[in-house]
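Structure first, commentary second.
The first residue of the sequence shown is numbered 1, and numbering continues consecutively from there.
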Amino acid sequence: MIDRNIILRYYNSSGNEKWLLAGRQTKGTSMGNKTKYRPNIVFILSDDQGPWAAGCYGNEEIRTPNIDRLAAEGLLFENFFCTSPVCSPARATILTGKLPSQHGVHDWIREGNMPPYAAFYLEGVRCYTDILAEQGWKCGLTGKWHLGDSMNPQAGFSDWFCHRKGAGSYIDQPMIRDGVLEQTEGYITDVITDEALRFLDVNKQMPFYLSVHYTAPHSPWTGHPEAIVASYEECRFDSCPQEDRHPWAGPLTSLSHGNREHLKGYFAAVTAMDANIGRILDKLEELGLQDRTLVIFTSDNGFSCGHHGFWGKGNGTFPMNMYDNSVKVPMLVRHPGVIPPGRRTGALMSQYDIFPTLLEYVGMAEIGAYDGPGRSHCKLWRGDSLEEREDVVVYDEYGPVRMIRTRQWKYIHRYPFGVHELYDLKRDPGERRNRIEDQSCRAVVRDLRTRLSRWFERFVDPVRDGSRLPISGSGQLRRIDATYTGEECFSADRIVFEENGFPKVNDRIDLESFQKAAEISP
């Protein structure tokens with residue numbers, strides 16, 4: 001009998017479907033003549049990395065051999081989008097499958113990470129890690145959490161090695177291990193990986209879910225391995241054109257625009273992280289776990305290093321932006337024997353699709369009872385064709401800024417007054433010409449605006465509706481709840497108002513003070 005073995009599908013070099021026995025089935029997972037198996041999952045999340053910052057996405061200047069290895073051995077998504085182009089909301093959506101206007105995290109979490117005012121921003125919202133833990137997976141986190149209350153394990157995680165805040169120095173960073181603050185030594189990217197390897201060694205005999213959340217390549221772009229930084233000394237950085245300053249650009253642009261040292265630091269942060277991803281892949285192979293483990297690599301949000309004339313992500317400008325560089329992220333999935341290697345897909349997908357896809361992938365879709373905006377793409381992951389409809393769209397929001405994007409059009413609506421934007425991505429993939437005032441596009445604008453409004457009306461929680469909140473990209477101060485529902489939840493200290501009433505970024509911040517602040521803010 002083979003009822004206690006896992007049956008996996010794989011593909012030979014000719015692309016023919018084959019079957020094999022691999023690993024062990026957990027008791028009670030058989031249903032009819034179908035065999036559900038419980039693969040391990042390693043979820044690797046980078047911080048502030050656009051798809052352009054990886055060799056497998058076409059950048060010939062940056063060195064990412066291990067990320068490229070995942071692409072060669074798995075599936076690469078060419079059009080994968082974050083749900084909000086800033087850290088904490090995007091991370092909350094990945095875990096919950098819900099929009100910021102459902103889970104209530106609308107900006108990077110500025111307050112509530114540490115005692116005495118620590119707060120769990122996802123309280124009452126179910127994460128897929130909660131479900132996995134309930135169903136027998138050992139769930140571990142190493143690295144960045146940044147969803148409030150960094151001290152205490154939560155959301156199904158029982159193994160907790162957590163960054164205090166959202167970012168900070170790359171050297172000798174204090175970390176929290178299962179509720180106890182400890183001082184670590186060395187390069188934080190290495191330290192996060194060391195803990196990941198420890199977790200794999202300890203839990204190799206059971207189904208596990210491991211989140212490896214790097215702070216790289218987030219600022220500061222100093223403190224990275226000197227040899228790697230020096231290796232980019234002669235780099236031309238053609239992949240990061242320092243374009244004319246964007247009129248909405250913020251103080252990070254003043255600090256970094258045209259700064260070769262920061263470009264070297266950003267590239268070095270990615271390459272050092274890539275080397276550590278290689279350590280994780282090698283450990284899986286060493287432990288004989290490679291064929292039993294799904295590996296996912298993605299980023300929380302995109303980033304611009306001079307593209308469009310600014311440095312940063314969605315809050316790199318004010319008003320906040322929705323350029324593809326801010327909202328597109330790399331997405332790679334690998335599972336030898338299950339996910340066919342070397343494929344690419346241009347399907348439009350979003351972070352809110354991860355929750356239903358992962359639960360279906362591990363056979364827990366019924367238990368998850370998902371009712372959010374995403375849909376499962378499990379069939380595509382496994383190699384089956386996924387019907388691509390022309391009307392497939394993705395949506396984004398960052399407070400009062402919302403986006404709808406089809407294959408051809410991107411429409412951005414800023415509540416309550418604008419400025420609104422429309423881009424024809426087929427004729428203008430670089431998003432250079434805003435056609436919102438083009439009379440020939442009036443019907444397109446009307447259609448997209450209607451679809452955007454109706455879609456959000458379908459899903460938003462009125463109490464957490466970002467379109468009515470004063471979100472400026474300066475950070476969230478507390479959870480939205482029955483007591484705090486409005487402006488007291490968000491910081492606006494970056495904003496000044498000119499005589500005409502139009503808000504802009506306060507670019508008069510002392511650069512030395514800003515640089516210090518950048519070491520602890522996301």
- Message: Given D300, which partner from the list V86, V329, D48 fulfils the side-chain contact (heavy atoms from CB on, under 4.5 Å) test?
- Response: D48

- Task: Step by step, work out the salt bridge (Lys or Arg N to Asp or Glu O under 4.0 Å) result for R433 and D438.
- Result: CA-CA 10 Å; R433 182 187 175 196; D438 190 330; 3.7 Å; yes

- Distance in Å, C378 SG paired with D384 CG, rounded so as to fall on 0.5 Å steps: 8.5 Å

- Message: If you compare all heavy atoms of F310 against all heavy atoms of H257, which two are closest, and at what distance to 0.1 Å?
- Response: N-CE1, 4.4 Å

- Do N113 and D149 meet the criterion of a side-chain donor-acceptor pair at a distance under 3.5 Å? no

- Item | Whether D447 side chain and V444 backbone form a donor-acceptor pair below 3.5 Å | no

- Message: Quick check for you: to the nearest 0.5 Å, what is the distance between L452 atom CG and E397 atom CD?
- Response: 9.5 Å

- Under 3.5 Å, is there a donor-acceptor pair between the side chain of S101 and the main chain of V460? no

- Message: If you apply the rule salt bridge (Lys or Arg N to Asp or Glu O under 4.0 Å), what do you find for D424 with R427, and how did you get there?
- Response: CA-CA 6 Å; D424 183 343; R427 296 179 176 85; 2.7 Å; yes

- Query: Can you tell me how far the CZ atom of F120 sits from the CD atom of Q154, to the nearest 0.5 Å?
  - Reply: 4.5 Å

- Is there a donor-acceptor pair under 3.5 Å between the side chain of Y370 and the backbone N or O of G97? yes

- Query: With a 4.0 Å cut-off, would you call R478 and E111 a salt bridge?
  - Reply: no

- What pair of heavy atoms forms the shortest contact from H146 to S88, and how long is it? O-OG, 2.9 Å

- Item | CA sep, side-chain torsions, deciding dist, call: R432, D244, salt bridge (Lys or Arg N to Asp or Glu O under 4.0 Å) | CA-CA 13 Å; R432 303 295 177 177; D244 291 343; over 6 Å; no

- Item | Validation row, ring centre Y209 to ring centre Y128 under 6.0 Å | yes

- Message: Both conditions, 6.0 Å and 45 degrees, for the charged tip of R405 above the ring of F81: are they met here?
- Response: no

- Message: Rounded at 0.5 Å granularity, tell me how far SG in C82 sits from CZ in R91.
- Response: 11.5 Å

- What distance do L76 atom CG and R344 atom CZ have between them, rounded to the nearest 0.5 Å? 4.5 Å

- Task: Would you indicate whether the side-chain heavy atoms of I339 and Y361 approach each other to under 4.5 Å?
- Result: yes

- Polar contact flag, side-chain donor to acceptor under 3.5 angstrom, N321-S326: yes

- Message: Please check this pair: side chain of T485 against backbone of V463, looking for a donor-acceptor N/O pair closer than 3.5 Å.
- Response: no

- Sub-3.5 Å donor-acceptor pair from the side chain of D107 to the main-chain atoms of S474, do we have one? yes

- Distance, nearest 0.5 Å, that separates CG of D396 from OH of Y352: 7.5 Å

- Applying side-chain hydrogen bond (donor to acceptor under 3.5 Å, both in side chains) between H103 and each of T96, T83, D461, T93, report the one that passes. T93

- Task: Please tell me if the side chains of P400 and R468 come closer than 4.5 Å, counting only heavy atoms from C-beta onward.
- Result: no

- Residue pair T357 / S376: nearest heavy atoms and the distance that separates them: OG1-CA, 3.4 Å

- Message: Just to verify, what does R446 make a salt bridge (Lys or Arg N to Asp or Glu O under 4.0 Å) with, not counting sequence neighbours?
- Response: none

- Message: For the backbone of C56 and the side chain of D68, can you confirm whether one donor and one acceptor N or O come within less than 3.5 Å of each other?
- Response: yes

- Could R479 and Y484 be counted as a cation-pi pair, given that NZ or CZ must be under 6.0 Å from the ring centre and within 45° of the axis? no

- Quick check: are there more than 12 heavy atoms from other residues, nucleotides or ligands sitting under 6.0 Å from CD of E487? no

- Check for a donor-acceptor pair, side chain of D353 on one end and backbone N or O of G374 on the other, with a separation under 3.5 Å. no

- Test applied, ring-ring contact (aromatic ring centres under 6.0 Å, His included); reference residue, W52; option that passes from F303, Y323, Y266: Y266

- Message: For a ring pair (Phe, Tyr, Trp, His ring centres under 6.0 Å) check, start with the C-alpha distance between F267 and F237, then their side-chain angles and the critical distance, and finish with the verdict.
- Response: CA-CA 9 Å; F267 276 46; F237 296 113; 4.9 Å; yes

- Query: For atom CZ of R260, is the number of surrounding heavy atoms from other residues, nucleotides or ligands below 6.0 Å larger than 12?
  - Reply: yes

- Message: What I'd like to find out is whether the side chain of P220 reaches to under 4.5 Å of the side chain of Y170, using heavy atoms alone.
- Response: yes

- Verify, without hydrogens or angle tests, whether Q476 (side chain) and G104 (backbone) share a donor-acceptor contact under 3.5 angstrom. yes

- Between D238 and R236, is the closest basic N to carboxylate O distance under 4.0 Å? yes

- Does one side chain, of Y232 or T271, offer a donor that lies under 3.5 Å from an acceptor on the other? yes

- Query: Is any side-chain heavy atom of V333 less than 4.5 Å from a side-chain heavy atom of F77?
  - Reply: yes

- Query: Would you find a donor on one side and an acceptor on the other, under 3.5 Å apart, between the side chain of W455 and the backbone of R458?
  - Reply: no

- Note on the structure: Closest non-hydrogen atoms of L422 and L448, given as atom of the first, atom of the second and distance, are CD1-CD1, 3.9 Å

- Correct closest heavy-atom pair for P85 and V327 would be CB-CG1, 4.0 Å

- Query: Does some side-chain heavy atom of R407 sit less than 4.5 Å from a side-chain heavy atom of L348?
  - Reply: yes

- Note on the structure: For R454, the salt bridge (Lys or Arg N to Asp or Glu O under 4.0 Å) test, sequence neighbours excluded, returns none

- Query: Should the pair H413 and Y411 be assigned to parallel (<30°), tilted (30 to 60°) or perpendicular (>60°) ring geometry?
  - Reply: tilted

- Item | Non-hydrogen side-chain atoms of N301 and C87 separated by less than 4.5 Å | yes

- Item | F297 side chain reached by P330 side chain, heavy atoms, under 4.5 Å | yes

- Is the side chain of T406 donor-acceptor paired with the backbone N or O of W409 at a distance under 3.5 Å, no angle test? yes

- Query: Only one of R402, R449, K410, R414 clears salt bridge (Lys or Arg N to Asp or Glu O under 4.0 Å) with E421; which?
  - Reply: R414

- Item | Option from L380, N79, I354 for which side-chain contact (heavy atoms from CB on, under 4.5 Å) with M349 holds | L380

